[in-house]
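The figures here come from the full heavy-atom set of this structure, side chains too, leaving out hydrogens, waters and symmetry mates. Lettering follows sequence order; numbering is per chain, from 1.
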2 protein chains.
Amino acid sequence: MNQLKLENQLCFPFYAISRQITALYRPLLEPLDLTYPQYLVLLVLWEHKNLSVKELGKKLLLDSGTLTPLLKRMEQDGLVNRQRDKADERVVFVSLTNKGIELENEAKDIPFKLASCLALSMEEFFSLKAQLDKLMETTSALK
Amino acid sequence: MNQLKLENQLCFPFYAISRQITALYRPLLEPLDLTYPQYLVLLVLWEHKNLSVKELGKKLLLDSGTLTPLLKRMEQDGLVNRQRDKADERVVFVSLTNKGIELENEAKDIPFKLASCLALSMEEFFSLKAQLDKLMETTSALK
DNA sequence: TGCAATTAAATTGCAAACAATTTAATTTTA
DNA sequence: TAAAATTAAATTGTTTGCAATTTAATTGCA
């Protein structure tokens, strides 16, 4: 088997599916005026209220080079507040505005709508999820 | 189960693993002066010699908005030739230069090196590949 | 034939993504 | 305590990725 053929690669499907999934989110997120990475930030903040850029980056595997401009755009859009920690001026805390909090309700159907696009059975879903989580652990450890 | 929690999502692992894998490729591709998307273009051209931008885009799921500048950079780097089809001036064919052809030999170990990073058994590899291929088919059909 | 529709690339503009560097604050340690 | 090391964000510069539009060529069909 020729390993240099695209069809024999495992990595290309990850690259392609990742972009396809983002494309599936687009029409669902557009009414909320969100991009997929912005939606991910909101997912985390709906759960954790108040996080530093560092902590947010740890959960999303993104660094400040990506997050700072992204968060500034979200601040511009009135979704989040950014403020320096009084106790440690290096740290910037990110929290939700009322508008950001209220979006949770409008977004609550999105995971179901998207899951239905993927057309997986419960078994397939959980099996795949387990394999991805394992792979995620492997690749995260290689940092 | 709260579907709006990051940890319960299937899509986030795809997004994150995709970027992690690209990060794993980086040190392998850097000596060849390639980015991951450029490497993908070469994978296709090593197999198919001569393709239009359209055909290349079909294989990689990328449009001319992404490919045109990417291919221009690869042309600048002396990896590919771009020339308009004489028979149909709308079409641009992309082919490899000698330098591009020769890179295949230098790249031939990359898939194995990368596969070893992922630490999957043969069974896991093929099982995962099958599930991804199926998902890919599903999401591609939703275009 | 000749105009409308279609097609393939290219272009424009914007949002990520990330390496590398910089800035400023805090901690360590000599 | 003061300089060195570390840390957190921000900044800079480059490459992707994609929607939307434009340009130019070809095809279809009235």
*Asks:* Assess whether atom CD of A:Glu124 is packed by more than 12 heavy atoms of other residues, nucleotides or ligands within 6.0 Å.
*Replies:* yes
*Asks:* Kindly work out whether a path of hydrophobic side-chain contacts (I/L/V/M/F/W/Y, heavy atoms less than 4.5 Å apart) joins A:Leu24 to B:Leu61.
*Replies:* yes
*Asks:* In terms of the nearest nucleotide of DNA chain C, which residue is placed more toward the 5' end: A:Gly65 or A:Glu89?
*Replies:* A:Gly65
*Asks:* Starting at CG of B:Leu61 and ending at C1' of D:dT16, how long is that distance when rounded to a whole Å?
*Replies:* 15 Å
*Asks:* Provide, to the nearest angstrom, the distance between the CG atom belonging to A:Asp63 and the C1' atom belonging to C:dT22.
*Replies:*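 About 14 Å, once rounded to whole Å.
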*Asks:* Please tell me if B:Ser52 has a side-chain N or O lying less than 4.0 Å from either OP1 or OP2 of C:dA9.
*Replies:* yes
*Asks:* C:dA10, OP1 or OP2 - any side-chain N/O from B:Arg82 closer than 4.0 Å?
*Replies:*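 Answer yes for this pair, as a side-chain N or O of B:Arg82 is under 4.0 Å from OP1 or OP2.
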*Asks:* In whole angstrom, give the distance that lies between atom CD of B:Gln20 and atom P of C:dA19.
*Replies:* 11 Å
*Asks:* Could you please name the partner base of C:dA24, counting Watson-Crick and G-U wobble pairs only when both distances are under 3.5 Å?
*Replies:*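 Partner of C:dA24: D:dT7.
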*Asks:* Pick base, sugar-phosphate or nothing for A:Leu67, based on heavy-atom distances below 4.0 Å to the nucleic acid.
*Replies:*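 Here A:Leu67 touches no strand at all.
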*Asks:* So, OP1 or OP2 of D:dA8: does either fall under 4.0 Å of a side-chain N or O from A:Lys58?
*Replies:*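 No, A:Lys58 has no side-chain N/O under 4.0 Å of OP1/OP2 on D:dA8.
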*Asks:* Give B:Leu62 one of three labels, base, sugar-phosphate or nothing, depending on what nucleic acid heavy atoms sit under 4.0 Å from its own.
*Replies:*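 B:Leu62: backbone/sugar contact only, no base atoms under 4.0 Å.
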*Asks:* With a 3.5 Å cut-off and heavy atoms only, can you find an N or O donor on one side and an acceptor on the other between the side chain of B:Ser64 and the base of C:dA8?
*Replies:* no
*Asks:* How close or far is atom P of D:dT15 from atom CD of B:Glu30, stated in whole angstroms?
*Replies:*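 It is 14 Å, rounded to the nearest whole Å.
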*Asks:* Any idea which heavy atoms bring B:Leu28 and B:Lys113 closest together, and the distance?
*Replies:* CD2-CD, 3.9 Å
*Asks:* Establish, with yes or no, whether the OP1 or OP2 oxygen of C:dT11 is under 4.0 angstrom from a side-chain nitrogen or oxygen of B:Thr68.
*Replies:* no
*Asks:* Can you work out whether A:Leu71 or B:Asp85 has the more 5'-proximal nearest nucleotide on DNA chain D?
*Replies:*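 By nearest-heavy-atom nucleotide position, the 5'-most residue is A:Leu71.
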*Asks:* For A:Arg26 and D:dC18, what is the distance between atoms CZ and P respectively, to the nearest whole Å?
*Replies:*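 So the two atoms are 6 Å apart, to the nearest Å.
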*Asks:* Between P on C:dA16 and CG on A:Leu29, what's the gap in Å once rounded to a whole number?
*Replies:* 11 Å
*Asks:* Reckon B:Lys72 has a side-chain N or O less than 4.0 Å from the OP1 or OP2 of C:dT11?
*Replies:*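 Result: yes.
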*Asks:* Which whole-number value in Å describes the distance from A:Gln76 CD to C:dC14 P?
*Replies:*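 In whole Å, C:dC14 P and A:Gln76 CD are 14 Å from each other.
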*Asks:* Look at B:Lys129 together with B:Asp133 and state whether they make a salt bridge at an N to O cut-off of under 4.0 Å.
*Replies:* yes
*Asks:* Whether A:Arg19 contacts D:dC18 is assessed here as follows: a side-chain N or O lying under 4.0 Å from the phosphate OP1 or OP2. Is that the case?
*Replies:* yes
*Asks:* Identify the residue among B:Leu132, B:Leu43, B:Leu60 that makes a side-chain contact (heavy atoms from CB on, under 4.5 Å) with A:Phe12.
*Replies:* B:Leu60
*Asks:* Output the single nucleotide from C:dA16, C:dA9, D:dT16 whose closest atom is nearest the side chain of B:Val53.
*Replies:* C:dA9
*Asks:* Establish, with yes or no, whether the OP1 or OP2 oxygen of C:dA15 is under 4.0 angstrom from a side-chain nitrogen or oxygen of A:Tyr36.
*Replies:*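 The answer is no; no side-chain N or O of A:Tyr36 sits under 4.0 Å from OP1 or OP2.
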*Asks:* Just to confirm, is there a sub-4.0 Å distance from OP1 or OP2 of C:dA9 to any side-chain nitrogen or oxygen of B:Arg84?
*Replies:*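 For B:Arg84, the contact criterion (side-chain N or O under 4.0 Å from OP1 or OP2 of C:dA9) is not met.
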*Asks:* Given C:dA16, is OP1 or OP2 found less than 4.0 Å from the side-chain N or O atoms of A:Arg73?
*Replies:*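 A:Arg73 to C:dA16 OP1/OP2: side-chain N or O found under 4.0 Å.
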*Asks:* When A:Leu56 is tested against each of A:Leu40, A:Leu70, A:Val92, A:Leu71 for side-chain contact (heavy atoms from CB on, under 4.5 Å), which residue passes?
*Replies:*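 The single option meeting the side-chain contact (heavy atoms from CB on, under 4.5 Å) with A:Leu56 is A:Leu71.
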*Asks:* Between B:Phe14 (CZ) and C:dA17 (C1'), how many Å, whole number?
*Replies:*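 Distance, rounded to whole Å: 20 Å.
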*Asks:* Side chain of A:Thr66, base of C:dA16: donor and acceptor closer than 3.5 Å?
*Replies:*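 Donor-acceptor pair under 3.5 Å: no.
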*Asks:* On DNA chain D, compare the nucleotides closest to A:Asp88 and B:Lys86; which residue's is nearer the 5' end?
*Replies:*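 With A:Asp88 and B:Lys86 compared, the 5'-side residue is A:Asp88.
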*Asks:* Remember a base hit wins even if backbone is also touched, and classify B:Tyr15 as base, sugar-phosphate or nothing at under 4.0 Å, heavy atoms.
*Replies:*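 Sugar-phosphate contact only - B:Tyr15 comes under 4.0 Å of backbone atoms but never of a base.
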*Asks:* Which nucleotide wins on minimum distance to the side chain of A:Arg90, given the candidates D:dT7, D:dT27, C:dA10?
*Replies:* D:dT7
*Asks:* Which pair of non-hydrogen atoms, one from B:Ser18 and one from A:Ser18, has the smallest distance, and what is that distance?
*Replies:*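 Closest heavy-atom pair between B:Ser18 and A:Ser18: CB-CB, 3.7 Å.
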